[in-house]
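Each remark here refers to the structure printed beneath this line.
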Amino acid sequence: MSSLNIYNSLTRQKELFEPLTPGHAGLYVCGPTVSGESHLGHARPYITFDVVYRYLMFLGYKVRYVRNITDAGHFEEEGRDATDKISEKSHLEKLEPMELVQKYTNLYHWGMKEFNNLDPSIEPTATGHIVEQIEMIKDIIAKGYAYEKNGSVYFDVKKYAEGHEYGKLSGRILEDLLESTRDLEGQDEKNNKVDFALWKNAAPEHIMRWPSPWGIGFPGWHIECSAMACKYLGKQFDIHGGGMDLLFPHHESEIAQSTIVNGESPVRYWMHNNMITINGKKMGKSYNNVIKLTELFSGNHPILEQAYHPMVVRFYILTTHYRSTLDFSNEALQASEKALKRLMEAKSVLEQLNSDAWAVKGNNADLVQKLNTLCDECHDFMNDDFSTAKVLANFFELAPVVNSIKGGQIAGDEIGQALLEKMKTTFEVFLIQILGLKPIAETDHGHLDEVMQVLISIRQEAKLKKDFTTSDAIRNKLIQAGIQLKDEKDGTVSYTLQTS
RNA sequence: GGUCUUGUGGCCGAGUGGCUAGGCAGAGCUCUGCAAAAGCUUCCACAGCGGUUCGAAUCCGCUCGAGACCUCCA
């Protein structure tokens with residue numbers, strides 16, 4: 001069997017994954033900034049790296065998965081007046097940053113659960129690690145790679161570049177960055193415009209503030225990840241993940257900071273997922289096409305023709321390789337909805353197949369070989385930089401076989417007991433455990449099932465009497481209620497619930 | 001403007017130089033009292049123009065289109 005290869009953004013090629021500590025894997029993923037509601041764009045990295053996490057565990061690694069929450073920085077609540085932040089108002093009327101953070105953190109956690117993402121091993125908050133960040137900044141100053149200006153501290157990129165390769169991750173060239181003609185406000189304090197903030201002096205109206213050796217302020221954006229990754233995963237660790245938009249300056253700066261403090265480059269494998277577009281356009285406020293998760297799941301957005309179940313979204317994201325852009329459209333999502341349903345029904349059919357009377361070994365050599373290949377390839381595809389799209393394609397080749405066994409087009413003896421068990425395992429392991437998919441939940445199954453059996457038997461009696469008016473009426477009215485009856489070949493009747 | 005990525009059939013998307021990706025939609029057939037589901041078969045491609053090669057969706061160049069980053073935004 002093949003071994004896991006990961007595309008490393010740093011080297012721009014696929015590399016064999018070799019963990020620093022045998023048997024263990026450290027994974028750090030940049031989490032959300034909880035100053036607003038999670039949207040579709042957030043879904044992709046967390047689903048992508050959830051699959052990475054699940055697959056590493058499947059391979060037998062003991063994984064420590066750290067995903068932070070950025071709850072410090074420039075915080076404002078949408079729609080609030082700026083004066084809210086100033087102390088004219090009574091305490092309870094004022095914007096309380098931690099209340100805001102709590103609200104959006106809860107919503108984010110809800111979204112993650114809906115997507116069936118596993119909880120990370122540690123979910124550290126930036127505000128909970130102010131001390132570590134200050135210590136790190138002090139160290140960088142002591143080593144001469146940062147300077148203080150008016151209560152703010154900046155990282156000296158030019159000096160760093162003298163002895164280190166600044167830009168090695170993002171492909172930036174320092175000279176180009178220095179020559180950039182962009183003139184932005186608030187750059188005066190910096191010695192060079194490429195320098196970035198480690199600590200920012202807080203203006204009086206700034207709602208998040210902590211004391212530091214340089215005065216009241218708040219940490220710069222990049223330092224939190226360096227501090228928390230180092231604390232929980234060590235000076236050097238295996239995998240760091242995040243969206244491609246974070247490559248520069250965020251991850252480039254992380255490397256610089258950590259390299260100065262720890263004397264070595266922090267990350268062995270950098271992984272970056274691509275972005276999501278909507279109808280071919282990037283998701284952004286100017287296009288008015290940002291879809292929040294609550295809107296996505298409820299269908300309550302002008303762009304959306306219907307609600308989309310979190311599992312449909314997860315499935316759709318996994319049908320594309322994580323390094324490709326992914327375009328969202330109603331058409332694509334609706335196709336995914338049907339496709340996922342088909343796959344999950346095939347899985348359910350497979351589980352109900354009884355192979356007791358079958359030959360132990362299959363006697364259709366060609367078919368047996370084809371099915372074995374389809375199952376085995378799932379491992380190879382995952383090992384090839386997490387090619388979830390190919391894994392799913394194989395399941396669509398397995399599904400007709402499963403349905404054909406049920407339908408009688410393929411005899412059980414052709415497959416044999418052993419291979420059937422292997423197929424069951426493959427469905428369970430890859431679809432459920434690794435890709436994290438699950439059947440779309442059916443509500444109140446217990447009582448519904450009893451009621452359905454009554455209706456089905458009444459309809460059967462009508463059919464026996466050739467009273468098709470009655471039997472069709474039952475079926476048609478159930479359709480309107482979102483329940484689809486299916487007359488199976490063996491005379492039994494099954495039903496499925498519509499998803500939306 | 002700079003750096004990087006990308007352009008596949010009606011829609012979405014795999015694709016490592018030569019061998020059917022796959023899904024959804026369309027067409028036909030089988031099964032069915034009729035449906036649905038399922039099975040089988042099938043139509044429709046590699047942005048454009050050049051080049052390398054016995055052979056290119058895949059490599060190279062140019063043209064056109066799209067995207068990401070270049071910000072104290074995350």
Side-chain angles (χ1 to χ4, degrees), chain A residues 9 12 14 30-36 41-42 70 73-74 152 154 167 170-173 175-177 179-187 189-190 193-201 218 220-222 242-250 252 272 274-277 280-282 285 315-316 319-321 323-343 345-346 349 381 384 387-397 399-410 463 466-468 471-472 475-476 479 484-489 494-496:
Chain A
S9 305
R12 289 155 206 259
K14 286 179 194 169
C30 290
T33 300
V34 285
S35 62
H42 293 125
T70 298
H74 260 301
S152 294
Y154 296 98
S170 57
R172 296 299 139 110
I173 297 159
E175 284 69 34
D176 291 350
L177 293 169
E179 282 170 16
S180 169
T181 52
R182 277 218 186 190
D183 223 6
L184 295 156
E185 289 186 27
Q187 300 270 17
E189 286 182 356
K190 295 185 191 175
K193 63 177 71 173
V194 287
D195 294 348
F196 56 87
L198 295 172
W199 186 264
K200 281 296 289 178
N201 176 39
F218 58 97
W221 168 37
H222 314 301
M244 273 183 188
D245 52 339
L246 299 175
L247 232 143
F248 188 90
H250 185 55
E252 197 72 62
H272 291 94
N274 215 315
M275 314 312 284
I276 284 176
T277 57
K281 282 183 180 173
K282 71 168 179 177
K285 278 180 183 167
F315 173 84
Y316 182 52
T319 57
T320 309
H321 191 264
R323 283 188 285 112
S324 303
T325 51
L326 174 67
D327 190 57
F328 257 66
S329 65
N330 284 289
E331 219 175 348
L333 264 286
Q334 284 158 12
S336 281
E337 186 175 281
K338 289 181 185 171
L340 174 63
K341 187 179 174 191
R342 184 170 140 81
L343 222 48
E345 286 188 9
V349 165
F381 292 157
D384 183 17
S387 296
T388 55
K390 289 187 183 174
V391 172
L392 286 170
N394 270 23
F395 278 100
F396 282 105
E397 299 214 39
V401 175
V402 170
N403 287 323
S404 292
I405 297 170
K406 184 195 179 193
Q409 294 97 329
I410 293 175
K463 280 174 71 177
K466 303 272 182 201
D467 178 9
F468 297 121
S471 66
D472 286 355
R475 188 174 65 200
N476 294 337
I479 277 275
Q484 174 71 59
L485 290 183
K486 288 188 231 171
D487 291 326
E488 303 288 356
K489 281 205 171 60
S494 65
Y495 64 93
T496 54

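These values consider heavy atoms only, across backbone and side chains, with no hydrogens, waters or symmetry-generated copies. Chain naming here is simple, since letters A, B, ... match the order of the sequence lines and numbering starts at 1 in each.
Residue contacts for Asp245(A): at a heavy-atom cut-off of 4.0 Å it reaches a base atom on one of the strands shown. Using a 4.0 Å heavy-atom distance criterion, Ser336(A) is classed as making no nucleic acid contact. Using a 4.0 Å heavy-atom cutoff across all strands shown, Phe248(A) reaches sugar-phosphate atoms only and no base atom. Among the protein residues, Thr277(A) comes within range of no part of the nucleic acid, since none of its heavy atoms lies under 4.0 Å from any strand. Counting any heavy atom pair closer than 4.0 Å across all strands shown, Arg475(A) reaches a base atom. Within the nucleic acid shown, His321(A) comes within 4.0 Å of sugar-phosphate atoms alone, with no base atom in reach, counting heavy atoms only. Among the protein residues, Tyr316(A) comes within range of the sugar-phosphate backbone only, with heavy atoms under 4.0 Å from sugar or phosphate atoms but none that close to a base. At a threshold of 4.0 angstrom between heavy atoms, the contacts of Lys463(A) include nucleobase atoms, whether or not backbone atoms are also involved.
Between the side chain of Ser387(A) and the main chain of Lys390(A), no donor-acceptor pair closer than 3.5 Å is present.
Atom-to-atom, NZ of Lys341(A) to P of rA38(B) comes out at 8 Å; the value is rounded to the nearest Å. To the nearest angstrom, C1' of rU3(B) lies 14 Å from CE of Met244(A). Spacing between atom CZ of Arg323(A) and atom C1' of rG67(B) amounts to 16 Å, rounded to whole angstrom units. Note: CG (Asn330(A)) to C1' (rG10(B)) measures 16 Å, nearest angstrom. Atom CG of Asp327(A) is separated from atom C1' of rG13(B) by 11 Å (rounded to the nearest Å). The distance between atom CD1 of Ile276(A) and atom P of rA66(B), rounded to the nearest whole Å, is 21 Å. rU71(B) atom P lies 13 Å from atom CD of Glu252(A), rounded to whole Å. One atom, CE of Met275(A), and another, P of rG67(B), lie 13 Å apart when rounded to the nearest Å.
Taking atom P on both nucleotides, rG7(B) is separated from rG15(B) by 10 Å, rounded to a whole Å. Atom P of rG50(B) sits at a distance of 36 Å from the matching atom of rC69(B), rounded to the whole Å. Nucleotides rU6(B) and rU63(B), compared at atom C1', are 16 Å apart to the nearest Å. The C1' atoms of rG17(B) and rG51(B) are separated by 15 Å, rounded to the nearest whole Å. The separation of rU3(B) from rC59(B), taken at their C1' atoms, amounts to 23 Å, rounded to a whole angstrom. The P atoms of rC43(B) and rA27(B) are separated by 16 Å, rounded to the nearest whole Å. Between rC19(B) and rA25(B), the two P atoms lie 29 Å apart (nearest whole Å). Spacing of C1' atoms, rG13(B) relative to rG22(B), comes out at 8 Å, to the nearest Å.
Across all strands shown, the partner of rC62(B) is rG48(B), judged by Watson-Crick or G-U wobble contacts whose two distances both fall under 3.5 Å. Figure legend. rC69(B) is base-paired to rG2(B); pairs are counted as Watson-Crick or G-U wobble with both atom distances under 3.5 Å. Using N1 to N3 plus N6-O4 or O6-N4 for Watson-Crick, or N1-O2 and O6-N3 for G-U wobble, each under 3.5 Å, rC40(B) pairs with rG28(B). Using the Watson-Crick or G-U wobble rule with both distances under 3.5 Å, rG18(B) pairs with rC54(B).
In this structure, CD1 on Ile479(A) lies 3.5 Å from CD on Gln484(A), to the nearest 0.5 angstrom. Here the straight-line distance linking atom CG of Leu333(A) with atom CZ of Phe315(A) works out to 11.0 Å at 0.5 Å rounding.
Taking 3.5 Å as the limit, the base of rG33(B) and the side chain of Asp472(A) contain a donor-acceptor pair of atoms between them. In terms of polar N and O atoms assigned as donor or acceptor, the side chain of Lys338(A) never comes within less than 3.5 Å of the base of rC24(B) in a complementary pairing.
Put simply, the side chain of Met275(A) does not reach to within 4.5 Å of the side chain of Leu326(A), judged on heavy atoms. By the 4.5 Å heavy-atom criterion applied to side chains, Arg342(A) and Pro400(A) are counted as neighbours.
For the pair Arg172(A) and Phe248(A), the cation sits on the ring face: its NZ or CZ lies under 6.0 Å from the ring centre, inside 45° of the axis.
Taking the six-membered ring where the residue is Trp, Tyr316(A) and Phe328(A) present perpendicular rings, their angle passing 60° and hence far from 30°.
For Lys200(A), the listed nucleotide lying nearest its side chain is rC72(B); candidates were rC72(B), rG33(B), rC40(B). Across rG2(B), rA14(B), rA21(B), the shortest atom-to-atom separation from the side chain of Ser324(A) is found for rA14(B). For Pro400(A), the listed nucleotide lying nearest its side chain is rC40(B); candidates were rG23(B), rC40(B), rC73(B). Closest contact between the side chain of Arg172(A) and the listed nucleotides rC12(B), rU3(B), rG39(B) involves rU3(B). Of the candidates rG13(B), rA14(B), rC24(B), the closest approach to any side-chain atom of Lys390(A) belongs to rA14(B).
Each of Leu246(A) and Ser471(A) was assigned the nucleotide of RNA chain B with the nearest heavy atom; the assignment lying further toward the 5' end belongs to Ser471(A). Summary of the strand contacts: Asn274(A) and Ala332(A) both lie near RNA chain B, and taking for each the nucleotide with the nearest heavy atom, the more 5' one is attributed to Asn274(A).
With its ring centre under 5.5 Å from that of the base six-membered ring and a plane angle below 30°, Phe468(A) counts as stacked on rG33(B).
OP1 or OP2 of rG39(B) lies within a sub-4.0 Å distance of a side-chain N or O belonging to Arg342(A).
Donor-acceptor pairing under 3.5 Å is lacking for the side chains of Asn274(A) and Thr325(A).
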